[in-house]
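Just the heavy atoms: all of them, side chains too, but no hydrogens, waters or symmetry mates, feed the values below. Just follow the structure's listing: the first ligand is 1, and inside any ligand the first atom is 1.
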Amino acid sequence: MFRTLIKRAASQPRFTTAKAVNKQVISKRFYTGEAPKKENGTPSVPAMLAVASMGFAAYYTLVKSKAGEPLPRHEPKQTQQPAKPIDEDSVKEVENKVEVSEAVVPAFSEKDVTVVFVLGGPGAGKGTQCENLTKDYGFVHLSAGDLLREEQKRPGSKYGELINHYIREGLIVPMEVTIALLQQAMTEAIAANKGTRFLIDGFPRKMDQAIKFEEVVVPSKMVLYFECPEEVMLKRLMKRGESSGRVDDNIESIQKRFRVFKDTSFPVIEAFEKQNKVQTVTCDQSVEDVYKNVKRIFDTLFSEDSQ
Ligand SMILES: Nc1ncnc2c1ncn2[C@@H]1O[C@H](COP(=O)(O)OP(=O)(O)OP(=O)(O)O)[C@@H](O)[C@H]1O
Ligand SMILES: O=c1ccn([C@@H]2O[C@H](COP(=O)(O)O)[C@@H](O)[C@H]2O)c(=O)[nH]1
């Protein structure tokens, strides 16, 4: 069944936001995000339903696995039932509420918890820059890809095979799995007093993930977008593939990841751009030079005075 979801290898695009169009002088090629094209390989409706139900089951199980842990909840203004362990019915209730657009209370308040989404193409340098930011600004770095890889390797994980397949094919794992892993990691970090400011690296990669995360976990404060020419990213990933051991650092998987980024993930950045939430940094420079630009943004937005 998974084979029906495999998409074809992409041509070699470059991605940019509206704000970054001014930087064409240094650009070799650029894209504005187009609506994703329908392909012959488009999954069938039964396949999509099967994946959606797998995703729901994954979310339920992962949420259930942490039900015993304390979950910091944002107290809503209106009267609310006291927090109770999540069971299947309450998860379904939340799903139904989302469907009919009723108010859903996020797990955390944006007053208490700061989330910065760190986005950019594969190999743009997101992880590298997040490590720097963690040291200098006390953010907790959560890479969605790392969390998925850990879950994939976890002995006894029900989702190991599923995650491995999606990663190898450069496809996006059903959002319920990823959101549950992120929420769990945030909850654990807060409980361990690691901090309440999070860099969520490599997520959201799809519009429905962005909407769902902000509804059920916490609204984001800003998006840090690492803009990078595709040929630069390709070179970096091929080099990283010499030692990373990652199943997707090979030319076939990289091409698929580029395609998914262009068709599915880049429109998410454009949507956040419309909300004036995106700060763009050009990555085709040394790690140090990229970081200088990142620091300028963080010094303005996250210095002690601006808290
Ligand atoms: N500015 C840079 N100049 C040269 N090499 C870089 C730069 N930034 C990162 N790299 C290298 O490129 C590779 C990819 O970087 P990194 O893992 O940070 O990217 P990423 O965006 O997190 O990738 P992915 O989304 O695939 O996880 C790494 O080997 C890293 O050391
Ligand atoms: O939100 C996410 C994040 C990642 N994935 C899958 O993981 C790989 C690798 O991600 P990196 O950010 O490059 O580490 C990605 O290609 C997806 O297959 C995901 O499904 N959802």
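With a 4.0 Å cut-off on non-hydrogen atoms, V173 touches ligand 2 through its backbone as well as its side chain. At a heavy-atom distance under 4.0 Å, only side-chain atoms of R149, from C-beta outward, approach ligand 2. If you look at S286 next to ligand 1, the close heavy atoms, those under 4.0 Å, all belong to the backbone. Under 4.0 Å from ligand 1, not a single heavy atom of K239 appears. Residue-level proximity to ligand 2 for L148 is carried by the side chain, the only part with a heavy atom below 4.0 angstrom.
Ligand 1 has a nitrogen or oxygen under 3.5 angstrom from a nitrogen or oxygen of R246. Any N or O atom pair closer than 3.5 Å counts here, and G125 shares at least one such pair with ligand 1. Considering backbone and side-chain N/O of V290, none are found under 3.5 Å from N/O of ligand 1. Considering backbone and side-chain N/O of G127, one or more are found under 3.5 Å from N/O of ligand 1.
The contact set between ligand 2 and I172, taken as ligand atoms under 4.0 Å from a residue heavy atom, comprises 20 (O). Those atoms of ligand 2 with a heavy atom of G202 less than 4.0 angstrom away are 1 (O), 2 (C), 3 (C). Interface of Y166 with ligand 2, defined as ligand atoms under 4.0 Å from a residue heavy atom, comprises 18 (O). Residue R257 has at least one heavy-atom neighbour below 4.0 Å for each of these atoms of ligand 1: 26 (O).
Annotation: atom 20 (P) of ligand 1 to nearest protein heavy atom, K126 N, 3.5 Å. Of the protein's non-hydrogen atoms, G123 N, 3.1 Å is the one closest to atom 23 (O) of ligand 1. Atom 1 (N) of ligand 1 has Q285 O, 2.8 Å as its closest protein atom, hydrogens excluded (heavy atom only). In terms of protein heavy-atom proximity, atom 31 (O) of ligand 1 is nearest to T128 OG1, 4.2 Å. At the shortest separation from atom 5 (N) of ligand 1 among protein heavy atoms lies R236 NE, 3.6 Å. The protein heavy-atom contact nearest to atom 17 (O) of ligand 1 is R240 NH1, 2.7 Å.
Under the 4.5 Å side-chain heavy-atom criterion for grouping Ile, Leu, Val, Met, Phe, Trp and Tyr, V173 is connected to M207 within one hydrophobic cluster.
Of the residues listed (L133, D136, N132), the one engaging F298 in a side-chain contact (heavy atoms from CB on, under 4.5 Å) is L133, and it is the only one.
Residue R246 places a heavy atom less than 4.0 Å from ligand 2.
Taking the six-membered ring where the residue is Trp, F272 and F117 present tilted rings, their angle falling between 30° and 60°.
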